[in-house]
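For ligands, and for the atoms within them, numbers begin at 1 and follow the listed sequence. This one's a predicted model, so the numbers in the text were calculated from it and none came from an experiment. The chain is numbered in sequence order, starting from 1.
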Amino acid sequence: MRVIKTVADFREARRQVAGSLGFVPTMGYLHDGHLSLVRAARAGNDCVSASIFVNPTQFGPNEDLSRYPRDLERDLAMLRAEGTDLVFAPGVEDMYPQGFATHVDVTGPLTARLEGAARPGHFKGVATVVTKLFNIVQPTRAYFGQKDAQQALVIKKIVADLDMNLEVIVMPTVREEDGLAMSSRNVYLKAKEREAALVLSRSLALARDKWSRGEKDAERIREDMRKLIESEPLAKIDYVSIADASTLEELETLDKLALISLAVRVGNTRLIDNILL
Ligand code: PAF
């Protein structure tokens with residue numbers, strides 16, 4: 001496995017790749033969710049690359065950029081064990097040199113709602129860094145997790161709108177045994193908060209249960225989810241959404257593929273989760 005720090009060195013290594021290249025962009029502090037993406041990339045391509053870069057432009061001024069967990073040596077050992085060929089781990093100055101002035105901004109409903117509404121500027125930061133990473137890595141296929149459902153839609157939109165020559169593959173959310181969706185941010189949770197955080201997956205299970213019993217009224221399901229979350233004293237709802245899975249427009253009736261998603265603060269930690277119904 002080669003670990004490459006600069007854009008010029010990565011381009012040089014890329015030129016030597018024969019066949020297809022699978023790519024897994026990450027912000028590091030890897031968990032089994034990331035590794036499931038690496039495994040899918042390994043299975044579907046001749047070569048596998050991953051990036052590790054905590055992208056400052058996708059964090060808001062009062063978000064967790066400075067305390068975001070980092071452990072490069074641990075990440076590299078995990079990637080090596082999965083048979084990764086190339087790791088791109090640039091510094092902030094490599095990705096955003098002085099005078100950097102170009103941004104990619106997906107406009108319209110896809111970024112106006114949910115995470116886009118709660119985190120102004122977040123998707124502009126994601127879109128810009130992912131576009132840069134795609135230009136540097138030149139992957140055949142890029143792998144993202146369904147846990148960041150809206151991010152996956154935004155990236156598919158960029159690839160389509162900017163005629164990028166790669167395939168975006170979205171893999172299922174990986175969960176802890178008790179249902180908590182894996183996230184690098186789960187390390188922030190203290191013992192009591194870790195327990196309280198189960199309210200996210202439980203409220204999604206409740207939605208699935210109501211729906212499978214025939215409930216099609218979206219507001220009734222949202223209301224039941226909110227009640228369940230509000231019964232947990234450590235949890236504070238940011239949003240609970242039942243939306244069209246491709247446009248993210250809120251639904252009145254569950255009569256098409258729906259993305260049920262939520263963002264909840266547990267203590268100081270903001271967690272997101274979703275299912276498709
Ligand atoms: O999902 C993530 O970890 C990040 O948003 C990504 C796609 C690596 C861009 O920084």
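Taking 4.0 Å as the cut-off between side-chain N and carboxylate O, Glu115 and Arg270 count as a salt-bridged pair. A salt bridge links Arg42 to Asp85: one of the charged nitrogens lies within less than 4.0 Å of a carboxylate oxygen. Ion pairing between Asp224 and Arg220 fails under the 4.0 Å rule for side-chain N and carboxylate O.
Between Gln151 and ligand 1, a contact under 3.5 Å exists for at least one N or O pair. The N/O atoms of Gln58, backbone and side chain alike, include one that comes under 3.5 Å of an N/O atom in ligand 1.
With respect to atom 3 (O) of ligand 1, the closest heavy atom belonging to the protein is Met27 CG, 3.6 Å.
Inter-residue side-chain proximity for Val199 and Met225 is flagged as unmet; no heavy-atom pair is nearer than 4.5 Å.
Under 4.0 angstrom from ligand 1, there are no non-hydrogen atoms of Leu133.
The Val129 neighbourhood of ligand 1 comprises atoms 9 (C), 10 (O), with distances under 4.0 Å to a heavy atom of that residue.
A donor atom on one side chain and an acceptor atom on the other are found under 3.5 Å apart for Asn55 and Tyr96.
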